[in-house]
Structure formats: structure tokens, C-alpha cells
Amino acid sequence: MTRHSSELITPRTVEAVHARSLDTVALGNSFARELPELSLSWQADHACDPRLLVLNEALAAELGLDAAWLRTPEGTCLLVGVAVPEGATPVAQAYAGHQFGGYNPRLGDGRALLLGELVDAAGHTRDLHLKGSGRTPFSRGGDGLAAVGPMLREYVISEAMHALGIPTTRALAVTATGEQVLRETVLPGAVLARVASSHLRVGSFQYARATGDLALLRRLADHAIARHYPDAARADRPYVALLDAVLTAQAELVARWMLVGFVHGVMNTDNMTISGETIDYGPCAFMDAFDPATVFSSIDEGGRYAYGNQPAVAQWNLTRLAEALLPLLHDDEQQAVAVAQEALGAFAGRFDAAWKAGMRTKLGLPADVDQAVATELTTDLLTLLRDGHVDYTSFFRALGAAARGDVETARSLVLDLAGIDAWTSRWRALRPNAEVMDRVNPVYIARNHLVEEALTAASDDGDLEPMHRLVTALTEPFTERPGLERYAEPAPTDFGRYRTFCGT
Ligand code: AMP
Ligand code: MG
């Protein structure tokens, strides 16, 4: 799969072999080869008039793909899957999953394809995957398609997450297919080219376990270990080490979501990766006013995936992963359950540690501040923010200025002036470090009203400029820049309640 097996891959050698035509794109197929039971060989629908809407040139370079070539008709055909290099074997992946708590034994890529694997400039294997590329044997009632707006939405939000330093799948390109997609109205169709360190999910393990084929389950676990957690292969109990590593990665991931106010919106087990990358930007959104009950998804009536429930849901999903892995954890089922329970017992502590460390940084607290003091300050502040419906992102950024002595902006955001004054003097007495705070408290996040404005211009008028301007702000989220003031502001009050949708 590597281009020069005897050569070290460095950014320079990748530069030298930058793929400039279809035949020079080296697409591996280790998933399809090693796990044929989880792969259905499949092809993308023909796009009648593919038109590249947005290309992530920095990511293309990282992947050893020539951006100028990707913009040619041949390159664009790769980005919609209608032309693939010789030897590539695109597949639809099989997986199961719990959706809103209900088990579905057969989900799989209903509108997506894994084109193959690329080795990036750092020598890491990355999946090149398409979303919206047509029906597959997993489509059930769906049309296999995606519309321009939602695919651009995934592009904007996943790149914003990456810029925030949060592990995530990446967006390489969005291409309009020239086809129409029928939703509530007729919409222009698009294909998203997505890059991930893999598309292995909790649901992949649930599917493998449900086949009853223990050898397949073991092969899948070995594949995941080799790809993501090679240290686990050298552990005394490699599959316990795998479970443990996924648990840590997910505890840290969800803590990072919570720290920036991100609501995933559809944390079904098929949407939780083994790598610890955020995946599937469907109904996700960033919270404005701080409230643990925040829900955006139109179908999440019970608030199962509300902001404040995300750590508990992650643990629930990981419990499903542990169940799927049981036969690999111990030969004796009772002992396997005990091993799984012990591993799962570590989740809450790991989440808590990541959240507390993150909150200390957001508050700029020096290392010598006692954790009990930090925890009390955090709890009291979040109560003030929730009770006063305070914009989470604006407040934390303003707190950086407050650490420098300008308390007025932060103060003006809170209704309970006596409460915030008392809190601020307790906090400032600890000598918070404003520079540290400014490196973790973003000025610019993918605010709902800005995302909607950019997508409406792109979908309705074919005007991509608002999206490009938004992406420019979001890709340097911690650097305040003149001219970008409106990207830092909360939604106008008439924006109203924001609703998001799945399967768009
Ligand atoms: P999601 O929760 O959006 O990741 O999707 C859950 C499942 O529904 C996956 O198996 C998807 O492939 C499938 N799916 C979503 N939208 C469509 C569609 N328009 N056509 C076919 N399958 C779809
Ligand atoms: Mg999904």
C-alpha cells in the first residue's frame, strides 16, 4: 500500500510523488482485503455534471494529492467516485448500531463508499470516503444521496473542529453532482469526500459479533489494533487493552466537545469511532447560551443526546462495544463480564480528569490552585451562566480580558451582577493566566446563524463567498482579527430556536 516500501515517507518524498493523475493515486484496500465479510464491493453513481464547489488544498497536500489536478475533470471524477485508480476496490462497509437506544442489526453505508486508503505525509493511513455517492445494498428506503447544503455544513463544521484541536474526520472536497435530490423540496445534490483515520465504529464490532463468527471478530479487533493502537498488540491482554484505549480516546474526545459547547446530536453507536475521531456531522451544532439541556436535533424529542447527556451516552455506547468484545476478553463468559466491567469503570474518571484539566485551562488557573477550589469555581460559574442564559463562547473569551483587568465585557454578559462580581473577585485572586486562556477559548466558532447564512447563499444562489469567509474565520479560531467582528457575535435574538436534521 505504501508507495516506496523501502523508503522512509517524509513530507519531502510525498511532495516528490504528489499524485498528478488518476494512475498515480495509490489507494490501498486493506479493509476490503482483511475484512471481506464487512465489505461489499460497490461503485458510485454516475454524476451527470460534477462541479467542484470547495477543495481543502491544505488537506490535499497532506495526503500527497495535487490540488491543481483534483480540480481537473479527472481529479473531480475521483472526488465523486466515478473514476478510481487501477487496483482500487471501493466498498460499502457493513455495520450495525443502536439508534436512539434501539438496535438495528444491519445499517451499513447506505449512501457512502470507502474508496480506499492513502498514506499521508506523516506516514499515517487515512481512509478516503465518499458521502452522497448513490444507493448501495445498505440503503434500505433511502435514496443514497446528499444535498449541497448539508455536505457543505459537514465541511464547515468538521474543519472548524479540526482547527479547535478536536480529533475529527476531515473534509477534502464537496462536489455538486448536477443531479437533483428530493427532500421537503428539490435540492441540488452533492458528494462529500471525507478523510478519516478509519471508519471503524462501535457498530462495526456489533455487526461482527452478531455474525457469531469469532474469527471475524478477532480479525476486526486485530485490524483496529494495528491501525489505531499498536501498543495494545504488545499488552498482556491485547483486546482488553484495545477496549481500554478506545475508552480513553472517547472520554477525552467527549470532554473536548463539552469544553467548546459542541452537541453531536446523533450519538448512535454507528456514529462513534474506534479511533476517537468525531464522525457524522448531521444534526450537530454549537450551543449558544449555556444550558446542559440543549438539544438541536428535530427528532431527539426525549433529549437523549442533549449537551449534558453526552458523557453518559458515550459510556453507554462503550458498554455496547464491551459487550461485542466479550468473547475476546476472556474464555469464560462470567470472567469476561467482570473484565469488561472493570475496564468500563474507568470511563467516568477519565472523562472527569479531561474535563477538569480543560476547565482549569479555560479559567487560566495556575498549577498550584487546589482542584477542590477549581471545581467549586467551575460549578459556581456554570450555574451563573445557565441561570442567566449567558453565551458560553463569548463569556469565556471575555474572561481572558477580565484576567488582564478589563472585567466589564464579561460582566455585561451576566444578569446577576452581584453574583458575577463575587465570582470574579474569587477567581482573580488566584492570578489567572490570560495568555493560556486565549489559546483555548475560541473567538470564532461555527455559530448556527452564520452557518445557515453561508449555506443558504451557497444552495440558493450558488454564492460560495460567505462560506469561504466563514471558513477563514473558523480555521484560526483563537486569533482575533479586525474585520471579523460579526463572526464573534451571538445570534441576533430574532434568529429563534435552531433545529437540525438527520439523513439530509
Ligand atoms: P446517520 O445516523 O446519518 O449516520 O445514518 C444512519 C444510517 O442511515 C446509515 O446506515 C446511513 O448510511 C443511512 N442513511 C442516511 N441517509 C441515507 C440516505 N439518504 N440514503 C440511504 N441511506 C441513508
Ligand atoms: Mg452515520
Side-chain angles (χ1 to χ4, degrees), residues 38-40 42-45 47 80-81 90-115 127 129-151 153-155 157-158 168-169 171 177 179-192 194-196 198-207 210 250 263-275 277-285 295-300 304-305 310 313-314 317 320-321 499-504:
L38 305 183
S39 313
L40 277 176
W42 203 254
Q43 277 172 10
D45 266 6
V80 292
V91 294
Q93 292 179 303
Y95 48 84
H98 278 87
Q99 300 180 300
F100 287 89
Y103 183 63
N104 189 327
R106 188 180 149 99
L107 289 168
D109 287 335
R111 57 163 171 173
L113 283 182
L114 172 63
L115 285 186
D127 277 3
H129 181 96
L130 303 180
K131 188 161 166 180
S133 49
R135 286 180 57 83
T136 77
F138 298 110
S139 294
R140 295 170 288 152
D143 59 7
L145 303 175
V148 165
M151 294 305 99
R153 192 169 188 278
E154 172 152 347
Y155 187 103
I157 302 183
S158 63
T168 176
T169 62
T177 57
E179 240 75 52
Q180 292 188 327
V181 178
L182 188 62
R183 294 293 178 260
E184 272 171 11
T185 56
V186 175
L187 298 169
V191 173
L192 168 77
R194 177 162 86 181
V195 173
S198 88
H199 283 80
L200 302 177
R201 310 140 191 269
V202 169
S204 315
F205 282 84
Q206 292 180 289
Y207 185 94
Q250 285 293 341
V263 184
H264 182 282
V266 61
M267 290 178 71
N268 294 335
T269 56
D270 51 303
N271 291 337
M272 181 181 260
T273 59
I274 297 304
S275 65
E277 286 178 347
T278 312
I279 195 170
D280 271 1
Y281 291 86
C284 64
V295 172
F296 295 104
S297 170
S298 55
I299 58 167
D300 191 2
R304 180 181 172 92
Y305 299 140
Q310 295 183 121
V313 171
N317 289 350
R320 307 288 82 77
L321 175 64
R499 299 307 248 155
T500 56
F501 303 92
C502 294
T504 43

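Residue numbers run from 1 in the order of the sequence given. Heavy-atom basis, side chains included; hydrogens, waters and symmetry copies ignored. Atoms within each ligand, like the ligands themselves, are counted from 1 in listed order.
The nearest heavy-atom contact from the protein to atom 5 (O) of ligand 1 is Asp270 OD2, 4.6 Å. Among protein heavy atoms, the minimum distance from atom 4 (O) of ligand 1 is reached at Asp280 OD2, 2.7 Å. For atom 2 (O) of ligand 1, the closest non-hydrogen atom on the protein side is Asn271 ND2, 3.3 Å. At the shortest separation from atom 12 (O) of ligand 1 among protein heavy atoms lies Gly110 N, 2.7 Å. The protein atom (non-hydrogen) at minimum distance from atom 3 (O) of ligand 1 is Gly503 N, 4.2 Å.
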For this session: Check the pair Leu107 / Gln99 against side chain to side chain contact (heavy atoms under 4.5 Å, CB included), numbers first and verdict last.
Result: CA-CA 10 Å; Leu107 289 168; Gln99 300 180 300; 3.6 Å; yes
Problem set entry | Worked verdict on Thr500 versus Arg153 for side chain to side chain contact (heavy atoms under 4.5 Å, CB included) | CA-CA 11 Å; Thr500 56; Arg153 192 169 188 278; 3.6 Å; yes
Exercise. Which is it for Ile279 and Arg194 under the side chain to side chain contact (heavy atoms under 4.5 Å, CB included) test, yes or no, and what are the steps along the way?
Worked result: CA-CA 10 Å; Ile279 195 170; Arg194 177 162 86 181; 3.8 Å; yes
Exercise. So Asn271 and Arg201, side chain to side chain contact (heavy atoms under 4.5 Å, CB included) or not? Walk me through it.
Worked result: CA-CA 7 Å; Asn271 291 337; Arg201 310 140 191 269; 4.2 Å; yes
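Residue-to-ligand polar distances keep Val266 apart from ligand 1: every N/O pair is separated by 3.5 Å or more. At under 3.5 Å, a nitrogen or oxygen of Gly144, whether backbone or side chain, sits near a nitrogen or oxygen of ligand 1. Taking only nitrogen or oxygen atoms, main chain and side chain alike, Gln99 does not reach within less than 3.5 Å of ligand 1. Backbone and side-chain nitrogen or oxygen atoms of Asn268 are examined, and none is located within less than 3.5 angstrom of a nitrogen or oxygen of ligand 1. For Gly108, a nitrogen or oxygen atom sits less than 3.5 Å from a nitrogen or oxygen atom of ligand 1, counting backbone and side chain alike. Considering backbone and side-chain atoms together, Asp143 places an N or O closer than 3.5 Å to an N or O of ligand 1.
A distance of 8.5 Å separates CD1 of Ile157 from OH of Tyr281, quoted to the nearest 0.5 Å. Atom CG of Leu200 sits about 6.5 Å away from atom CD1 of Ile274, to the nearest 0.5 Å. Once rounded to the nearest 0.5 Å, the distance linking CG of Leu145 with CE of Met151 reads 10.5 Å. If you take OG on Ser39 and CG on Asp109, they are separated by 9.5 Å, rounding to the nearest 0.5 Å. The distance from the CG atom of Leu38 to the NE2 atom of His199 is 14.5 Å, given to the nearest 0.5 Å. Of the inter-residue distances, the one linking Leu113 atom CG with Leu40 atom CG reads 10.5 Å to the nearest 0.5 angstrom.
Between the Thr269 side chain and the His98 main chain, a donor and an acceptor come within less than 3.5 Å of each other. At distances below 3.5 Å, not a single donor-acceptor pair connects side-chain atoms of His129 with backbone N or O atoms of Ser198. Counting only distance, with no hydrogens or angles, the side chain of Arg111 and the backbone of Lys131 share no donor-acceptor pair below 3.5 Å. Side-chain atoms of Gln250 come within 3.5 Å of backbone atoms of Thr273 as a donor-acceptor pair (strictly under, hydrogens ignored). Remark: side-chain polar atoms of Trp42 are paired, donor with acceptor, to backbone N or O of Arg135 under 3.5 angstrom. A donor-acceptor distance shorter than 3.5 angstrom exists from the side chain of Gln310 to the backbone of His264, with no hydrogens or angles considered.
Between Pro105 and Ala96, the shortest heavy-atom distance links the atoms O-CB, 3.5 Å.
Near Leu107, the atoms of ligand 1 lying under 4.0 angstrom from a non-hydrogen atom of the residue are 10 (O). For ligand 1, the atoms closer than 4.0 angstrom to any heavy atom of Tyr95 are 9 (C), 10 (O). When each atom of ligand 1 is checked for a heavy atom of Gly142 under 4.0 Å away, the hits are 20 (N), 21 (C). Those atoms of ligand 1 with a heavy atom of Arg183 less than 4.0 angstrom away are 19 (N).
If you look at Arg140 next to ligand 1, the close heavy atoms, those under 4.0 Å, all belong to the side chain. Contact annotation: for Phe100 versus ligand 1, there are no heavy atoms closer than 4.0 Å. By the criterion of a heavy-atom distance under 4.0 Å, neither the backbone nor the side chain of Met267 is placed next to ligand 1.
Neighbours of the Mg ion (ligand 2) restricted to protein N, O or S atoms under 2.8 Å: the count is 2.
The closest approach between Arg201 and ligand 1 stays at or above 4.0 Å for every heavy atom of the residue. At least one heavy atom of Ser139 sits closer than 4.0 Å to an atom of ligand 1.
For atom 8 (O) of ligand 1, the protein comes within 4.0 Å by at least one heavy atom.
If you check each of Arg111, Gln93, Arg106 against atom 17 (C) of ligand 1, the one with the closest non-hydrogen atom is Arg111.
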